[in-house]
Amino acid sequence: MECGWPLLGPLQWIRYVNKQVMVKAGKDEAHSGWLHTVDPVSASLVLVSFRVEGAVSVQVVMGHAVEQVEVLQEADEETTERLQTVFFPQRMHGLDPEELRRRRGSIQRWLEKNRVPVKEDGEMLRVAGVLTITAPYGPEDCCSSNEIILGRIQKLIQSSHNLD
């Protein structure tokens, strides 16, 4: 792909995701790695490189500087899986479904005890219709656009962990 990277748009960029690419940017600058994603606003590329001993390096190439993107190779199944999990914590590995169910129940009971409206929605907990808690149900697993509620529920969950 020659020039005009920012003008291509998301429908074209997606064709490069999960592929090993060589990106030419600026004067005599070249970057290579597996394309993880492209920022839809700035057209910046997030490149991931897998190093020895499991280390991972992440590099962002600013979209406005991109002059050329060349696909070097397609990702195999293992590489695609590694790319999908590179930004997710590994702490859930080793937790069986029974342990996750126990944790979900424990957090739900703790929130109810503290008069917080909570209900199960499949594998997640919904709090007051404005916050979700996903496995493994720790403070960092809370998601809400309301930062005040988010902070309060995270503190409440943290206090339940301190009781264990």
Side-chain angles (χ1 to χ4, degrees), residues 6 8-21 23 31 33-63 73-164:
L8 288 179
L11 293 176
Q12 296 295 319
W13 297 331
I14 197 77
R15 295 179 182 174
Y16 293 86
V17 172
N18 290 341
K19 293 183 173 70
Q20 189 176 35
V21 296
V23 180
H31 309 277
W34 295 95
L35 183 60
H36 178 68
T37 191
V38 180
D39 176 61
V41 176
S42 67
S44 298
L45 297 88
V46 178
L47 300 177
V48 175
S49 297
F50 300 109
R51 308 283 183 211
V52 235
E53 298 177 18
V56 176
S57 79
V58 178
Q59 182 177 25
V60 177
V61 180
M62 301 305 291
Q73 106 182 47
E74 299 272 337
D76 59 16
E77 200 172 308
E78 180 185 342
T79 304
T80 301
E81 187 175 317
R82 285 181 75 187
L83 285 167
Q84 291 173 348
T85 59
V86 74
F87 293 104
F88 295 111
Q90 297 297 315
R91 59 195 173 81
M92 266 184 53
H93 294 287
L95 293 179
D96 64 11
E98 183 60 30
E99 174 64 15
L100 291 174
R101 188 192 61 69
R102 187 194 67 72
R103 286 181 180 206
R104 182 176 59 245
S106 174
I107 291 298
Q108 183 174 5
R109 286 188 299 280
W110 178 248
L111 292 171
E112 288 169 345
K113 182 178 178 181
N114 285 277
R115 307 218 189 297
V116 175
V118 60
K119 64 180 181 177
E120 277 189 61
D121 185 1
E123 298 295 312
M124 74 174 78
L125 295 173
R126 291 205 181 272
V127 178
V130 296
L131 182 137
T132 59
I133 308 170
T134 56
Y137 311 103
E140 61 281 352
D141 302 309
C142 298
C143 182
S144 177
S145 59
N146 185 321
E147 290 189 34
I148 294 170
I149 292 174
L150 178 64
R152 289 182 180 167
I153 297 299
Q154 285 176 320
K155 286 179 186 172
L156 198 54
I157 291 173
Q158 184 62 45
S159 70
S160 81
H161 290 321
N162 292 339
L163 296 176
D164 294 338

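Below, each value reflects all heavy atoms present in this structure, side chains not excepted, and no hydrogens, waters or symmetry copies.
From Asn114, atom CG reaches atom OG of Ser160 across 9.0 Å, with rounding to the nearest 0.5 Å. Separation of atoms CE (Met124) and CG (Leu131) is listed at 11.0 Å; rounding is to 0.5 Å. Summarising the geometry, atom CD1 belonging to Ile14 is positioned 13.0 Å from atom CG belonging to Leu8; distances are rounded to the nearest 0.5 Å. Distance check: Arg103 CZ to Ile157 CD1 gives 12.0 Å after rounding to the nearest 0.5 Å. Taken from CG in Leu150 to OG in Ser145, the straight-line distance is 9.5 Å, to the nearest 0.5 Å. The structure places CZ of Arg82 at 13.0 Å from CG of Asn18, a figure rounded to the nearest 0.5 Å.
Put simply, the side chain of Leu111 reaches to within 4.5 Å of the side chain of Ile133, judged on heavy atoms. Side-chain contact between Val38 and Pro10 is absent, with no heavy atoms from C-beta onward closer than 4.5 Å. Using a 4.5 Å heavy-atom cutoff, the side chains of Leu156 and Arg152 are not in contact.
His31 pairs by the ring-ring contact (aromatic ring centres under 6.0 Å, His included) definition with nothing, not counting sequence neighbours. Under the side chain to side chain contact (heavy atoms under 4.5 Å, CB included) criterion, Gln73 pairs with Gln20, Trp34, sequence neighbours left out. When the side chain to side chain donor-acceptor pair (under 3.5 Å) test is applied to Arg101, the partners found at least two apart in sequence or on another chain are Glu98. Partners of Glu120 under the side chain to side chain contact (heavy atoms under 4.5 Å, CB included) rule, at least two apart in sequence or in another chain, are Arg104, Gln108, Leu125. In this structure Glu78 satisfies the side chain to side chain donor-acceptor pair (under 3.5 Å) test with no other residue, sequence neighbours excluded.
Of all the heavy atoms in Thr80 and Ala75, the pair that sits closest is OG1-CB, 3.5 Å. For the residue pair Gln154 and Glu140, the shortest heavy atom distance occurs at NE2-CA, 4.4 Å.
Atom CD of Glu81 has 12 or fewer heavy atoms from other residues, nucleotides or ligands within 6.0 Å.
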Assess whether side-chain contact (heavy atoms from CB on, under 4.5 Å) is satisfied between Glu123 and Tyr137, documenting all intermediate values. CA-CA 10 Å; Glu123 298 295 312; Tyr137 311 103; 4.2 Å; yes
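Using modelled atom types, no side-chain atom of Trp13 and backbone atom of Pro40 make a donor-acceptor pair closer than 3.5 Å.
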In a table with atom names and distances, give each donor-acceptor pair under 3.5 Å that connects a side chain of residues 42-51 to protein atoms at least two apart or in another chain.
residue : atom : partner : partner atom : Å
Ser42   : OG   : Asp39   : OD2          : 2.7
Ser42   : OG   : Ser44   : N            : 3.3
Ser42   : OG   : Ser44   : OG           : 2.8
Ser44   : OG   : Gly63   : N            : 3.2
Arg51   : NH2  : Ser57   : OG           : 3.1

